[in-house]
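Below is one structure; the comments refer to it alone.
One-based numbering along the sequence shown.
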Amino acid sequence: MSTRRERAKEPTARLNKQLEEMEYVRKQESIERSLYLWKSKFLTDLTKLVFAGVLIGGIFQPVSYPGLLYVGGTAFFAIFLLVGYRYYKRAIK
């Protein structure tokens, strides 16, 4: 048989367990957000490199297919920028 003290401790034990679960979920969300932010920063840096390397670099160096270079560079620029922005939006939610 349980005593009064043991019965009085049961709600506290349940509450502590719920608080531990909430803290675990909060930590997981924090890790997830930081991962999305890292991916966003990486893709933003990659976008800068594509812009500098392909678009600006193509102006100073003569290339055999400039149309393909500019269209491909602009496409990759747009894709990396969009995906990076989506990751950023997920990180700040």
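Under the 4.5 Å side-chain criterion, counting only non-hydrogen atoms from C-beta, L69 is not in contact with Y65. At least one side-chain heavy atom of L35 sits less than 4.5 Å from a side-chain heavy atom of K39.
G84 approaches S40 most closely through the heavy-atom pair O-OG, 3.2 Å. Closest of all the heavy-atom pairs between I59 and Y70 is N-OH, 3.6 Å. The two residues L43 and V83 make their nearest non-hydrogen contact at CD1-CG1, 3.3 Å.
Sorted by first and then second residue, the side chain to side chain donor-acceptor pair (under 3.5 Å) pairs with a member in residues 78-91 read Y36-R90; sequence neighbours excluded.
For the side-chain contact (heavy atoms from CB on, under 4.5 Å) with Y24, the lone residue among M22, K27, Q28 that qualifies is Q28.
Residues R26 and E23 are paired through a salt bridge, judged by an N-O separation under 4.0 Å between the basic side chain and the carboxylate.
Atoms CZ and CZ, on F80 and F51 in that order, are 15.0 Å from each other to the nearest 0.5 Å. Between the OG1 atom in T44 and the CZ atom in F42 there is a gap of 10.5 Å [rounded to 0.5 Å]. Summarising the geometry, atom CG belonging to L81 is positioned 11.0 Å from atom NZ belonging to K48; distances are rounded to the nearest 0.5 Å. For the atom pair CG (L19) and OG1 (T12), the distance works out to 10.5 Å, reported to the nearest 0.5 Å.
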Checklist entry - Given V25 and E29, is the side-chain contact (heavy atoms from CB on, under 4.5 Å) satisfied, shown in steps? => result CA-CA 6 Å; V25 169; E29 288 175 350; 3.8 Å; yes
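Linking ILVMFWY residues whenever their side-chain heavy atoms come closer than 4.5 Å, directly or via other members, leaves L49 and F77 in distinct clusters.
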